[in-house]
Structure formats: structure tokens, C-alpha cells
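To start, the structure itself, in C-alpha cells.
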Amino acid sequence: MRLDGEDVTGRRPDEIARAGVGLVPQCRRIWPTLTVQEHLELAGRHARRGPRRGRSAAELYQLLPRLAERRRQLAGQLSGGEQQMLAIARALVTHPKVVLLDEPSEGLAPLVVDQIGGMIKAIASDGVAVLLVEQDLHLAFGVSDEIAVMAKGVIVHRSETMAFRRDPATARRLLGIEA
């Protein structure tokens with residue numbers, strides 16, 4: 001895997017993070033006994049050097065007022081949506097070049113999924129590349145410029161989102177649904 005021409009294949013996770021990759025894992029991986037603020041401080045302490053992308057904790061609190069209200073609360077006491085917002089914020093305070101989001105809508109209410117979609121759009125508008133793995137097509141289509149469909153770990157189709165949506169035969173063949 002190459003990031004800005006630099007081979008990061010086989011590197012330790014901390015080295016990949018310092019190279020500019022922010023990760024929002026499927027299971028969120030928050031520490032339940034740390035507060036929201038402690039999560040952001042800890043992640044921000046190891047932020048990557050170089051051109052700043054992403055947002056500071058203060059900027060994230062403006063974007064996510066619910067997290068600001070909960071900043072002193074233990075992460076384990078947050079709702080699932082709040083934990084997902086924390087996981088995204090934690091990735092952003094590292095000033096990544098690219099953010100990898102793995103199923104960010106999993107188990108969340110539709111209103112929260114819409115908020116997550118807004119966050120993803122904000123991340124991209126900051127100049128941060130976003131790689132989204134998502135089964136919720138409404139969310140994926142709403143935030144993506146390009147769609148790649150994978151089967152058994154191999155990309156079997158790639159196109160602009162609007163082109164994919166205008167091709168129901170391909171969507172039906174690859175996904176078994178109408179796009």
C-alpha cells in the first residue's frame with residue numbers, strides 16, 4: 001500500500017497512523033473508562049507532523065456539539081451514535097491525509113446515520129480523502145464521488161456514483177438490488 005508515494009506496507013499501525021492514515025474501525029474501539037476529552041487528547045498527542053488536515057478538538061466540538069456536551073463523560077456511557085462520533089473525531093484529531101471508515105452506520109438509528117453522513121462530507125471538504133466501506137447504500141451514495149464494488153476482496157466494478165446509479169442492470173447484477 002502506498003500513501004503519497006510512500007510504501008507503508010507491513011509497517012506497524014502507529015507508523016501507518018503517523019504517515020497520515022486515520023482509522024474508524026467497525027467496532028469503534030473506544031476505551032470505556034476514558035472520557036471523551038481524554039480520547040481526543042490522547043489521539044491528538046500523537047498527531048502526524050506536516051501539513052494540517054482534519055480538525056482540532058475545539059473545531060470538532062463545534063461540528064459535534066453533542067460530544068462537547070459529553071466531553072467529561074466516560075465513553076462507555078455514550079450512546080452508540082455518540083461513540084461512533086467519538087471514533088470519527090478521534091481519527092480526525094490526528095490530522096490524517098486519508099480516513100478509513102469501516103461500516104460507520106452499523107447499528108445506528110437513521111437520524112444518526114444522516115449525522116454521520118454530514119460528518120463524512122465535512123471530512124472530505126477539509127481535503128481529507130475518505131475510504132468508506134459501507135453496506136448502507138443510501139449513505140454510500142450520499143457521500144461518495146466514486147463507487148467500487150468488491151467480491152471476495154477483489155474490486156469487480158468501479159465507476160462514478162451517478163453513473164452507477166444510472167445503470168440499474170449493473171447494480172442488480174453486482175448487488176442484487178436497484179440502485
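Only heavy atoms go into these numbers, but all of them, side chains included; no hydrogens, no water, no symmetry mates. Here the structure is a predicted model, which means the values were calculated and not measured. Sequence positions, counted from 1, serve as the residue numbers for this chain.
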Where do [X] and [Y] come nearest, in terms of heavy atoms and distance?
{"X": "L34", "Y": "L42", "result": "CD1-CD2, 4.4 Å"}
{"X": "V93", "Y": "A43", "result": "CG2-CB, 3.6 Å"}
{"X": "Q37", "Y": "Y61", "result": "OE1-OH, 2.6 Å"}
{"X": "A19", "Y": "V8", "result": "CB-CG1, 4.0 Å"}
{"X": "V133", "Y": "P104", "result": "O-CD, 3.8 Å"}
{"X": "L108", "Y": "G80", "result": "CD2-C, 3.6 Å"}

TODO: Just do the salt bridge (charged side-chain N to carboxylate O under 4.0 Å, His left out) check on E41 and R90 with the steps written out, would you?
DONE: CA-CA 9 Å; E41 287 173 359; R90 186 180 57 197; over 6 Å; no
Could you state the interatomic distance from [atom1] ([X]) to [atom2] ([Y]), rounded to the nearest 0.5 Å?
{"X": "L175", "Y": "L137", "atom1": "CG", "atom2": "CG", "value": "6.0 Å"}
{"X": "L63", "Y": "I88", "atom1": "CG", "atom2": "CD1", "value": "9.5 Å"}
{"X": "R166", "Y": "E160", "atom1": "CZ", "atom2": "CD", "value": "8.0 Å"}
{"X": "D102", "Y": "C27", "atom1": "CG", "atom2": "SG", "value": "8.0 Å"}
{"X": "L101", "Y": "Q84", "atom1": "CG", "atom2": "CD", "value": "7.5 Å"}
{"X": "L78", "Y": "L67", "atom1": "CG", "atom2": "CG", "value": "7.0 Å"}

For the pair [X] (side chain) and [Y] (backbone), establish whether a donor and an acceptor sit closer than 3.5 Å, ignoring hydrogens and angles.
{"X": "T94", "Y": "G22", "answer": "no"}
{"X": "E38", "Y": "T35", "answer": "yes"}
{"X": "S144", "Y": "I147", "answer": "no"}
{"X": "E134", "Y": "L139", "answer": "no"}

Task: Residues that H157 engages under ring pair (Phe, Tyr, Trp, His ring centres under 6.0 Å), provided they are two or more places apart - done: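 With sequence neighbours excluded, H157 shows a ring pair (Phe, Tyr, Trp, His ring centres under 6.0 Å) to F164, given in chain and number order.
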Open item on the list: Check E106 with R28, please: is the shortest side-chain N to carboxylate O separation under 4.0 Å?
Closed with: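 Salt bridge: no.
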Less than 4.5 Å apart, any side-chain heavy atom of [X] and any of [Y]?
{"X": "R12", "Y": "R18", "result": "yes"}
{"X": "V24", "Y": "L100", "result": "no"}
{"X": "E146", "Y": "S159", "result": "no"}
{"X": "F141", "Y": "D136", "result": "no"}
{"X": "V21", "Y": "K97", "result": "no"}

TODO: Tell me, yes or no, whether the heavy-atom count around D14 atom CG, taken from other residues, nucleotides or ligands under 6.0 Å, exceeds 12.
DONE: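 Check passes, neighbour count above 12.
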Open item on the list: Check this for me: Q26, atom CD, are more than 12 non-hydrogen atoms of other residues, nucleotides or ligands nearer than 6.0 Å?
Closed with: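 Buried by this count: over 12 neighbours within 6.0 Å.
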Open item on the list: Hydrophobic clusters here meaning ILVMFWY residues chained together by side-chain heavy-atom distances under 4.5 Å, can you tell me if V130 and V113 are in one?
Closed with: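 Shared cluster, yes.
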- [ ] Flag yes if L131 and M1 sit in one hydrophobic cluster, no otherwise; membership is Ile, Leu, Val, Met, Phe, Trp, Tyr, and two members link when side-chain heavy atoms are under 4.5 Å apart.
- [x]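 Same hydrophobic cluster.
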- [ ] List the steps, then state whether side chain to side chain contact (heavy atoms under 4.5 Å, CB included) holds for L40 with L86.
- [x] CA-CA 8 Å; L40 299 182; L86 175 57; 4.1 Å; yes
TODO: Provide the full list of side chain to side chain donor-acceptor pair (under 3.5 Å) pairs with a residue in residues 67-77, sequence neighbours left out, each pair given once.
DONE: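 Listed once each, the pairs are R66-E69, R70-Q73, R70-E82.
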Task: Stepwise side chain to side chain contact (heavy atoms under 4.5 Å, CB included) check, D114 with H138 - done: CA-CA 10 Å; D114 289 343; H138 176 74; 4.3 Å; yes
